Amino acid sequence: MKIKYETPIVEMQGDEMTRVLWDMIKDILIDPFVEINTEFYDLGLKNRDLTDDKVTFAAAEAINKYGVGVKCATITPNAQRVEEYSLKAMWPSPNGTIRAALDGTVFRAPIMVKGITPYIPTWTKPITIARHAYGDVYKNSELSVEGNADCYITVKYNDGRVEEKKIASLEKRGIIQGIHNKDESIVSFARSCFNYALDTEQDVWFGAKDTISKTYDHRFKDIFWAVYEAEYKDKFERAGIKYEYSLIDDSVARVIRSGGGFIWALKNYDGDVMSDMVATAYGSLAMMTSVLVSPDGKYEYEAAHGTVTRHYYKYLNGEETSTNPVATIFAWTGALRRRGVTEKNKKLIGFADKLERASVKTIESGVMTGDLAAMFKQNGVEVKKVNSKDFMTAIKNNL
Ligand code: NAP
Ligand code: MG
């Protein structure tokens with residue numbers, strides 16, 4: 001008998017190679033065991049164009065309604081895609097739209113398997129990066145200054161008051177930049193981190209540069225502490241986990257020396273840079289999970305990689321491809337487990353755990369896709385590179 005659950009999960013289909021993998025994952029690994037109950041949104045670029053991108057907004061709304069979503073990778077169109085798909089417009093990134101609607105924080109964590117050793121061998125447990133996804137240098141204003149100029153930041157309040165501060169006097173050519181953030185967004189960021197820490201029973205480390213940036217970065221530090229003290233301190237103590245703030249440079253040094261197993265909360269730019277560093281150090285982008293968590297506990301799961309365009313063009317040519325489905329499988333298990341938690345459904349949680357274990361075990365037994373075969377090393381295990389479908393069939397047999 002298939003496992004059932006009550007409330008639908010929001011399912012968002014996507015593009016290219018991952019769109020192909022998506023249906024295979026459902027057919028081979030989920031549908032035989034679980035009565036899939038989803039509200040379906042096709043976020044494939046064609047349908048986004050057809051619906052003037054309304055489908056993306058509808059999907060985001062549905063995640064807010066049902067609380068759990070699972071999303072396939074999607075194309076973020078650029079000029080070349082506008083031509084390739086004869087698009088009506090260069091539609092914005094669906095992830096950006098959904099992130100804005102959920103006011104969420106993105107958590108990224110590597111899936112670890114024996115045989116793929118991180119470049120930093122002491123990292124025996126995953127490091128989860130929590131990147132603040134609002135403001136700072138990503139919503140900046142910058143100017144190139146010719147020289148012979150005094151440069152100021154100016155705040156004009158609606159009641160007529162004006163506040164001004166000098167940035168620099170530039171005798172010769174130079175550059176200036178203005179950035180901002182919102183208390184509201186920082187509070188949401190802090191709450192998302194602390195909620196995720198409680199859910200996954202991991203410590204939170206937050207690093208910023210408050211010694212140098214005494215107003216801007218210091219505000220982040222103060223807000224994190226205030227939110228922690230007012231809303232989370234007791235819960236953390238009960239769960240036996242910790243929140244720690246340190247300077248960002250000190251934080252980097254401690255992360256490198258660590259054994260992993262914590263959440264590293266980072267401002268937007270630091271998160272952008274450090275997530276690539278951490279992902280690479282663990283081995284493969286195809287083994288990175290990603291989950292968007294809203295401050296009120298809505299979860300959207302996906303793989304961290306894109307639509308794997310290069311493989312898709314080969315696939316369209318009839319060539320065999322060996323694209324790694326693991327991060328997308330884990331997006332599904334994440335969503336199913338979360339639904340299991342919201343409905344206290346032990347069978348569903350158990351299924352998610354087993355499917356994850358079977359995926360890991362399959363790789364550890366030597367059966368894997370090409371990306372992993374190139375870096376797998378384990379004494380006594382012979383590596384067998386297979387295509388995506390055979391890989392999933394091997395997982396099913398282990399399951
Ligand atoms: P990508 O799809 O992540 O692929 C980059 C390269 O990484 C691939 O060519 C492949 O290397 C390797 N790779 C990534 N995932 C893999 C997997 N599952 N199995 C095996 N190898 C994998 O990034 P991209 O080519 O820069 O972007 C393609 C499209 O994805 C773009 O249109 C972009 O807008 C979109 N995108 C979407 C998301 C999202 O929806 N979250 C995120 C990023 C990008 P080899 O070719 O060397 O095998
Ligand atoms: Mg980046």
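Treat the numbers as computed from the prediction; the structure is a model and nothing was measured. In each ligand, atom 1 is the first atom listed, and ligand 1 is the first ligand listed.
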* Centroid-to-centroid, Tyr269 to His132, below 6.0 Å? -> no
* Pair Glu229-Tyr243, side-chain contact (heavy atoms from CB on, under 4.5 Å): steps then yes or no -> CA-CA 10 Å; Glu229 282 241 299; Tyr243 165 63; over 6 Å; no
* Side-chain H-bond candidate by donor/acceptor type, His311 with Thr323, under 3.5 Å -> yes
* Structure fact -> atom 7 (O) of ligand 1: closest protein heavy atom, distance to 0.1 Å, is Leu285 CD2, 4.9 Å
* salt bridge (charged side-chain N to carboxylate O under 4.0 Å, His left out) with Asp15: which of Arg81, Lys71, Arg48, Lys46? -> Arg48
* Asked: Name the one of Asp136, Asp249, Asp270, Asp217 that satisfies salt bridge (charged side-chain N to carboxylate O under 4.0 Å, His left out) with Lys209?
  -> Asp249
Side-chain polar contacts of residues 372-386 - donor-acceptor pairs under 3.5 angstrom, sequence neighbours left out - could you list them?
none

* Structure fact -> atom 29 (C) of ligand 1 sits nearest the protein heavy atom Thr307 OG1, 3.0 Å
* To do: Please check atom 39 (C) of ligand 1 for a protein heavy-atom neighbour under 4.0 Å.
  => yes
* Cationic tip of Arg99 within the cone over Tyr138's six-membered ring, i.e. under 6.0 Å and within 45° of the normal? -> no
* To do: Please report the shortest heavy-atom distance between Leu29 and Phe351, naming the atom on each side.
  => O-CZ, 3.4 Å
* **Check against side-chain contact (heavy atoms from CB on, under 4.5 Å), Thr342 and Thr7** => CA-CA 9 Å; Thr342 62; Thr7 318; 5.9 Å; no
* Please state which protein non-hydrogen atom is closest to atom 8 (C) of ligand 1 and give its distance, to 0.1 Å? -> Val308 CG1, 3.9 Å
* Asked: Can you tell me if Asp203 uses its side chain to pair, donor with acceptor, with the backbone of Trp205 under 3.5 Å?
  -> no
* To do: Considering heavy atoms of the protein only, find what lies nearest to atom 28 (C) of ligand 1 and give residue, atom and distance to 0.1 Å.
  => Thr309 OG1, 3.1 Å
* What atoms in ligand 1 come closer than 4.0 Å to a heavy atom of Glu302? -> 41 (N)
* **Closest to atom 31 (C) of ligand 1 among Lys314, Arg81, His305 (heavy-atom distance)** => Arg81
* Going by the angle between their ring planes, with limits at 30° and 60°, are Phe194 and Phe224 parallel, tilted or perpendicular? -> perpendicular
* Nearest non-hydrogen protein atom, atom 11 (O) of ligand 1 -> His311 NE2, 4.3 Å
* **Protein non-hydrogen atom below 4.0 angstrom of atom 18 (N) of ligand 1 present** => yes
* Asked: Which ligand 1 atoms does Asn95 reach within 4.0 Å, using its non-hydrogen atoms?
  -> 39 (C), 40 (O), 41 (N)
* To do: Select one of side chain, backbone, both or neither to describe which atoms of Thr369 lie under 4.0 Å from any atom of ligand 1, heavy atoms only.
  => neither
* Asked: If you measure from each non-hydrogen atom of Glu16 to ligand 1, which part falls under 4.0 Å: side chain, backbone, both or neither?
  -> neither
* Asked: Which atoms from ligand 1 have a heavy atom of Lys71 less than 4.0 Å away?
  -> 40 (O)
* Quick one: is the NZ or CZ of Lys235 closer than 6.0 Å to the six-membered ring centre of Tyr232, and within 45° of its axis? -> yes
* Proximal atoms of ligand 1 relative to Ala286 (non-hydrogen, under 4.0 Å) -> 16 (C), 17 (C), 18 (N), 19 (N)
* Structure fact -> among protein heavy atoms, the one nearest atom 3 (O) of ligand 1 is Gly306 N, 2.8 Å
* To do: Considering heavy atoms of the protein only, find what lies nearest to atom 37 (C) of ligand 1 and give residue, atom and distance to 0.1 Å.
  => Thr74 O, 3.0 Å
* Kindly compute the distance separating CD (Glu302) from CG (Asn95), expressed to the nearest 0.5 Å. => 4.5 Å
* Asked: At the 4.0 Å heavy-atom cut-off, does Met17 count as touching ligand 1?
  -> no
* **Nitrogen or oxygen of Asn324 less than 3.5 angstrom from that of ligand 1** => yes
* Asked: Quick one: which ligand 1 atoms are inside 4.0 Å of a heavy atom on Thr323?
  -> 17 (C), 18 (N), 19 (N)
* Contact atoms of ligand 1, heavy-atom distance to Ala73 under 4.0 Å -> 40 (O)
* Asked: Which residue and non-hydrogen atom of the protein lie closest to atom 46 (O) of ligand 1, and at what distance in Å?
  -> Arg310 NE, 2.5 Å
